[in-house]
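See below for the structure under consideration.
All values below come from the heavy atoms of this structure, side chains included, with hydrogens, waters and symmetry mates left out. From a predicted model like this one, the values you see are computed outputs, not experimental measurements. Quick note on labels: first sequence line is chain A, next is B, and so on, each numbered from 1.
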2 protein chains.
Amino acid sequence: MPVDPLNGRREVTVSDVAAAAKVSKATAARVLGGYGAASEAVRDRVQAAAEQLGYHPNALAKTMTTGRSNSIGIIVGDIENPFFAQATRGAADVAKAAGYDLILLNSDEHAVAEENAISVLLAKRVDGILVAPASTTDPSSLREAVERARPMVLFDRVADGLDVDTVVADNLAGARRLAQLLLDAGHRRIAFVSTIAHADEYRVGDRLGSSSVDDRVRGFVGALADAGVDDPARFVRLNARDGVPAVVRALVDDGITAIVASDSLIAQAAFRELRTLGRRIPDDVSLVAFDDADWTSLSAPGITVMAQPIHEIGAEAARLLIRRIAGDGAPTEHVVLPQRLVERESIAPPRS
Amino acid sequence: MPVDPLNGRREVTVSDVAAAAKVSKATAARVLGGYGAASEAVRDRVQAAAEQLGYHPNALAKTMTTGRSNSIGIIVGDIENPFFAQATRGAADVAKAAGYDLILLNSDEHAVAEENAISVLLAKRVDGILVAPASTTDPSSLREAVERARPMVLFDRVADGLDVDTVVADNLAGARRLAQLLLDAGHRRIAFVSTIAHADEYRVGDRLGSSSVDDRVRGFVGALADAGVDDPARFVRLNARDGVPAVVRALVDDGITAIVASDSLIAQAAFRELRTLGRRIPDDVSLVAFDDADWTSLSAPGITVMAQPIHEIGAEAARLLIRRIAGDGAPTEHVVLPQRLVERESIAPPRS
DNA sequence: TTGAAAGCGCTAACAC
DNA sequence: GTGTTAGCGCTTTCAA
């Protein structure tokens with residue numbers, strides 16, 4: 001029953017057009033699909049018939065025979081997070097220009113959701129997958145894609161033991177720079193705050209679940225160590241998932257004089273809590289963060305941040321993916337994009 | 001040649017599993033697809049074979065025969081705009097729970113891009129389409145979908161002459177409320193600023209390209225008129241696309257004492273320009289806006305805003321769409337969600 | 001409960 | 001330049 005289950009009507013097919021134009025199905029398909037050759041006369045007849053009948057190609061049928069869907073999947077932590085929204089836009093623009101559409105899935109940074117997402121995308125026969133892996137250290141949820149030899153490009157974070165292209169920002173250098181700024185201002189008791197989950201207190205050598213946070217922490221700790229700060233690892237506060245305010249409170253009680261927020265959302269929570277506590281930025285506490293979010297230039301004071309080329313991260317990832325889809329067999333590429341410091345007014349020398 | 005063009009390998013199909021399990025293709029398909037009936041023994045054999053061969057369903061082939069793709073298209077102005085990102089997330093969650101995925105397309109508020117998006121989605125045989133129409137007054141780009149009887153639900157704005165479900169916020173009431181707040185504070189020279197394109201100076205009775213902006217303007221003008229303000233339409237500033245700062249400057253020169261920003265991006269630009277001009281909020285100029293964006297509670301002063309249930313707009317639109325896809329033939333529904341006032345510190349009595 | 005066969009709408013050989 | 005014929009991988013009658 002060749003009827004459309006959605007409305008009981010039947011869509012016009014190549015066969016219909018062929019019949020109306022009195023040519024074979026193959027010929028009609030050739031002019032409609034824009035491949036092969038056809039005489040001027042036939043071409044006109046077919047196009048007229050198509051127009052008249054209201055022919056609309058079925059991309060799915062095409063995919064069935066060509067094996068190419070012209071869609072790529074993108075798995076982000078949460079599209080509501082401005083970081084992912086921007087990266088997605090960057091990817092979407094590149095994809096669109098190359099004739100691809102995006103199937104968007106949120107993982108909420110959970111491996112199971114990520115694995116489901118991969119399955120769905122593979123089942124829908126996307127030509128490739130872009131993903132910000134939920135876990136750098138255990139990317140088993142992504143392995144299926146690799147095993148089934150589907151082109152995949154990771155962005156924002158890398159994944160251990162996965163031989164695929166990656167596009168990330170230079171978080172190590174960025175974190176170093178941010179910490180150095182604080183150190184230069186005279187701070188010694190500087191905290192690094194992240195919501196990332198981690199089993200224990202952070203210790204040098206620990207591997208974090210997100211390579212970008214891992215790089216930031218290492219850059220931070222490295223800078224402090226180089227400056228002669230004793231046991232910098234003790235200033236790293238992870239697991240702040242639901243409790244950035246509480247963490248900030250504890251930090252303030254501990255006499256910390258500066259905070260490095262691992263992302264803009266954490267910085268926001270810290271900013272609010274500091275305000276609630278009546279601590280002034282930067283007089284009482286200095287605050288710096290990653291990502292040049294809107295609010296960081298609208299708040300008083302403006303926040304000094306390490307800006308990431310978010311758009312470009314998404315765009316570059318899409319470019320690499322499309323190259324792979326096209327069959328580029330070059331060795332795996334690991335792109336690291338530079339970050340950019342935006343200095344504002346949230347740093348001052350420590351109080352005491 | 002049944003090979004995968006992407007990697008030269010061939011995916012395992014129902015036929016392969018059937019052969020290995022020594023049953024017919026139909027039987028294998030029944031157990032693999034989870035429909036029809038099969039004896040325990042056969043079921044086990046098929047599943048074992050599938051497992052062993054590494055069978056993965058081809059959703060496209062399924063769509064070909066069933067006509068259902070389990071994907072829905074969503075067309076937004078720009079996914080980078082927090083409003084659309086949030087609405088998309090709301091829609092994604094509802095869609096996912098019902099087994100649908102989202103194909104995301106940006107229209108940049110252009111009718112041609114919107115029309116292309118519709119074509120692409122229709123070609124990919126999505127089961128339905130969610131769209132924030134680029135134009136309320138000329139939704140011809142959406143007509144194809146309606147004519148082809150594809151379920152479609154509009155969100156954030158309605159479209160003239162299109163008999164489809166819509167989900168919008170109560171912008172008329174929201175704008176009235178915002179204007180009233182300013183009026184109550186003593187303001188009489190209040191401007192409404194929007195980036196929407198409009199041929200001429202705004203005049204009462206004009207129809208704007210976006211129903212939500214149109215409603216906001218009407219609510220604004222209505223409130224001023226009710227308060228006895230003479231010719232309120234002259235306070236409406238449209239076409240601010242690239243020049244919110246310039247518009248704000250002119251407004252200040254004109255002695256305006258309060259500004260209603262049509263959305264959070266405009267409010268942001270206005271906030272910056274006012275700061276640049278050295279005008280203080282709310283002492284020199286009062287400022288209110290739509291959307292409870294992050295920054296409005298982080299800035300100094302905090303901005304009084306009319307919050308929209310953005311998440312819910314997307315979610316509700318998805319719910320309606322899914323109902324239609326399921327074959328609900330109920331009359332077209334037009335959902336209007338209430339807005340919520342969030343009072344902060346950006347309103348004060350006018351200076352003079 | 002199981003199987004045979006047809007068909008979804010298209011493209012891809014291959015022949016003429 | 002055009003037509004014929006097979007499929008792509010699945011679901012769906014219809015019989016047995």
Side-chain angles (χ1 to χ4, degrees), chain A residues 1-6 8-46 49-50 53-70 122-125 127 148, chain B residues 1-6 8-46 50 53-70 122-125 148:
Chain A
M1 229 182 301
V3 294
D4 181 330
L6 250 31
R9 272 194 336 231
R10 200 182 147 286
E11 301 250 3
V12 176
T13 72
V14 171
S15 291
D16 299 327
V17 175
K22 299 190 194 312
V23 296
S24 74
K25 202 169 62 161
T27 300
R30 278 191 272 257
V31 356
L32 261 16
Y35 59 91
S39 68
E40 181 96 22
V42 166
R43 186 185 313 273
D44 289 349
R45 239 169 50 231
V46 170
L53 294 180
Y55 169 78
H56 297 285
N58 182 334
L60 259 30
K62 181 169 183 171
T63 300
M64 280 293 292
T65 72
T66 62
R68 308 288 304 264
S69 63
N70 288 312
L122 256 19
K124 294 209 169 167
R125 295 298 188 264
D127 294 334
R148 294 223 256 152
Chain B
M1 230 182 300
V3 296
D4 182 332
L6 250 30
R9 272 191 341 227
R10 201 181 145 288
E11 300 250 3
V12 176
T13 72
V14 171
S15 291
D16 299 327
V17 175
K22 300 192 195 310
V23 297
S24 75
K25 201 170 61 164
T27 300
R30 279 191 271 256
V31 358
L32 262 15
Y35 58 93
S39 68
E40 182 94 25
V42 166
R43 188 184 314 273
D44 290 348
R45 239 169 47 231
V46 171
L53 294 180
Y55 168 78
H56 296 284
N58 181 333
L60 260 29
K62 182 171 184 170
T63 300
M64 280 293 291
T65 72
T66 63
R68 308 288 303 263
S69 63
N70 288 311
L122 255 19
K124 294 209 170 167
R125 295 297 188 261
R148 295 222 258 152

Minimum heavy-atom separation for A:V12 to A:D16, with atom names? CA-OD2, 3.4 Å
Shortest non-hydrogen separation from B:V46 to B:A21 and the atoms involved: CA-CB, 3.9 Å
Choosing from [options], which nucleotide comes nearest the side chain of [X]?
X: A:S24; options: D:dG3, D:dT12, D:dG7; value: D:dG3
X: B:A38; options: C:dT2, C:dG7, D:dT12; value: C:dT2
X: A:Y55; options: C:dC10, D:dC10, C:dT2; value: C:dC10
X: A:A37; options: D:dG9, D:dG1, C:dT11; value: D:dG1
X: B:T66; options: C:dC8, D:dC8, D:dT12; value: D:dT12
X: B:A26; options: C:dA4, D:dT11, D:dG7; value: C:dA4

Taking A:R43 for its side chain and A:A38 for its backbone only, find out whether a donor-acceptor pair lies under 3.5 Å. yes
Based on the rotation axes of five pairs at each end, what angle does the helix from C:dT1-D:dA16 to C:dC16-D:dG1 bend through, to 10°? 30°
Tell me, do [X] and [Y] make a side-chain contact under 4.5 Å, heavy atoms counted?
X: A:R148; Y: A:L122; value: yes
X: B:K62; Y: B:R68; value: no
X: B:V42; Y: B:R30; value: no
X: B:R125; Y: A:N58; value: yes
X: B:D44; Y: B:E40; value: yes

side-chain N/O [X] vs [N] OP1/OP2, d < 4.0 Å:
X: A:S39; N: D:dT2; result: yes
X: B:Y35; N: C:dT1; result: no
X: A:T27; N: D:dG3; result: yes

What is the distance from [atom1] of [X] to [atom2] of [N], rounded to the nearest Å?
X: B:M64; N: D:dT12; atom1: CE; atom2: C1'; answer: 14 Å
X: A:L60; N: D:dT11; atom1: CG; atom2: P; answer: 14 Å
X: A:R68; N: C:dA12; atom1: CZ; atom2: P; answer: 12 Å
X: B:K62; N: D:dC10; atom1: NZ; atom2: P; answer: 10 Å
X: A:R10; N: C:dC10; atom1: CZ; atom2: P; answer: 10 Å
X: A:E40; N: D:dT2; atom1: CD; atom2: P; answer: 11 Å
X: B:K22; N: C:dT1; atom1: NZ; atom2: P; answer: 23 Å
X: A:R125; N: D:dG9; atom1: CZ; atom2: P; answer: 8 Å

If you pin A:A61 and B:R30 to their nearest nucleotides in DNA chain D, which one's is more 5'? A:A61
Between A:T65 and B:V42, which is nearer to the 5' end of DNA chain C once each is assigned its nearest nucleotide? B:V42
